[in-house]
Amino acid sequence: MAVRPQGLGMLIMNPVALFILYTESAMPGSVLKIVPPSDFDLARDVCSYGYFVLLPNYWDVKNQTLSRVLEFDQAPSACVIDQRDDGSLRVRFDRRLDRGEQASARVQISRMLNLDHDADDTRAFHRVDKRWKKSGRARLFRSPTLFEDVIKTVTSCNVAWPNTVNMNRRLCEVCGRKSASGAYSFPSARKLSRTRVGTLRGRCRVGYRDQRIVDLAKLFVKGHVDERWLADEGTHDDEVFGFLVTLPGIGPYAAGNIMQLLGRYSRLAIDTETIRHAKTVLGYSGSDAQITKKIRAHYEPFGEHKFRSYWFEIWRFYEGKAGPSHTWERDQVSTTFTAANL
DNA sequence: GGTAGACCTGGACGC
DNA sequence: GCGTCCAGGTCTACC
């Protein structure tokens, strides 16, 4: 990959740019090759959900690569992921990984890119909703860990999108660990379980979410959130939803969103954005309660896939306003992401 | 079961 | 530059 010249001023102003230049000009670390399912498309499948613009994720529009820092027991490591002409993924790290770390990296990347979701899953979705067959959309981007997905969801509740962007940036900068290339990881559950609520409020600006984030982290550390059970096909969606709403800071919207991040698409995550979508795109009117009822009826035919049908409708609306999502510059998207701003 | 108000931040707005 | 208002989902108290 070619080294792209960048000004020193940009490096000073933008630590992510520093990371990109470093990783593209000198990759002293491990390189992994991952063979994804045949229908996987890095640009389309990364740029499919808003979390791809939240730190520590960084989508490099020019190079069409995903960069971020992954957490390992000993030390974090930054990586850059690109897709080769043969469809395989190349993952370059900023330091050498031992065998255990390489195995962990594969698990984290597989979760993040939804690589367990194979072509059969895609076909099943497209049989129910043919609108996305041509584009191939079926996967939704997520985090390397369920914990990060849960915290990102909590930081997206009751705030405008720019605040969510800032909270995640500060969580990484204040509580994350620095990689060899200078970029920060997303803080682990263990780290946040030991972080003072005053730090979260004062430095990360998470507001009243401070205690809830610490409590959530403690639940993860103590093993009270069993991802294996939550992701198990034998566990009914109602059981998962019922458990999630017992977690601090998780209400009906957040639980519905976490369910899709677990690969369970049978429920909607209805928020003000959904209502806006229903009014402006679907043409519904009435009180919020009436509109919510219409929304549920509208997506009911999509059954087990209804969240994806709903989400890709919203995503198409955003792309209609702002262009293809793989061309969205993070700083631009940080301030103009919701339909209210588009 | 339904509803009202508090929680907290940051942007928009008026002065 | 300052003060005020508002949006956003969850939680708690109350009816």
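So you know, we letter chains A, B, ... as the sequences are listed, proteins then strands, and number each from 1. Fair warning: this is a prediction, and the values are worked out from it, not measured in the lab.
A donor atom on one side chain and an acceptor atom on the other are found under 3.5 Å apart for A:Tyr51 and A:Thr153. In this structure, a donor-acceptor pair under 3.5 Å is present between the side chains of A:Tyr299 and A:Glu313.
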Protein heavy-atom contacts under 4.0 Å, written 5' to 3' over nucleotides 9-15 of chain C as B (base), S (sugar-phosphate only) or - (none), form the string BSS----

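In terms of phosphate contacts, A:Arg205 brings a side-chain nitrogen or oxygen within less than 4.0 Å of OP1 or OP2 of B:dG10. Taking only side-chain nitrogens and oxygens, A:Arg170 comes nearer than 4.0 Å to OP1 or OP2 of B:dG10. In this model, the phosphate group of C:dG8 is approached by a side-chain N or O of A:Arg276 to a distance below 4.0 Å at OP1 or OP2.
In the helix from B:dG1-C:dC15 to B:dC15-C:dG1, the end axes, each obtained as the rotation axis mapping the C1' atoms of four pairs onto the next four within a five-pair block, lie 40° apart to the nearest 10 degrees.
One atom, CG of A:Asp288, and another, C1' of B:dG2, lie 16 Å apart when rounded to the nearest Å. Atoms CG (A:Asn163) and P (B:dG10) sit 6 Å apart, rounded to a whole Å. The separation between A:Met167 atom CE and B:dT9 atom P is 9 Å, rounded to whole Å.
Side chain of A:Lys306 to main chain of A:Ser266: a donor-acceptor pair is present (N/O by atom type, distance under 3.5 Å, no hydrogens or angles).
Taking a cutoff of 4.0 Å between a charged side-chain nitrogen and a carboxylate oxygen, A:Arg308 and A:Asp121 do not qualify as a salt bridge. With respect to A:Arg95 and A:Glu101, a salt bridge is recorded, a charged nitrogen being found less than 4.0 Å from a carboxylate O.
Residue pairs meeting the salt bridge (Lys or Arg N to Asp or Glu O under 4.0 Å) criterion with at least one partner in residues 181-208 of chain A, sequence neighbours excluded, are A:Arg201-A:Asp210.
Within the model, atoms CG of A:Leu171 and OG1 of A:Thr155 stand 7.0 Å from one another, a figure rounded to the nearest 0.5 Å.
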Checking A:Tyr49 against A:Arg142 for the side chain to side chain contact (heavy atoms under 4.5 Å, CB included) test, could you report, in this order, the C-alpha distance in whole Å, the side-chain angles of both residues, the deciding distance, and whether it holds?
CA-CA 8 Å; A:Tyr49 192 66; A:Arg142 51 188 185 171; over 6 Å; no

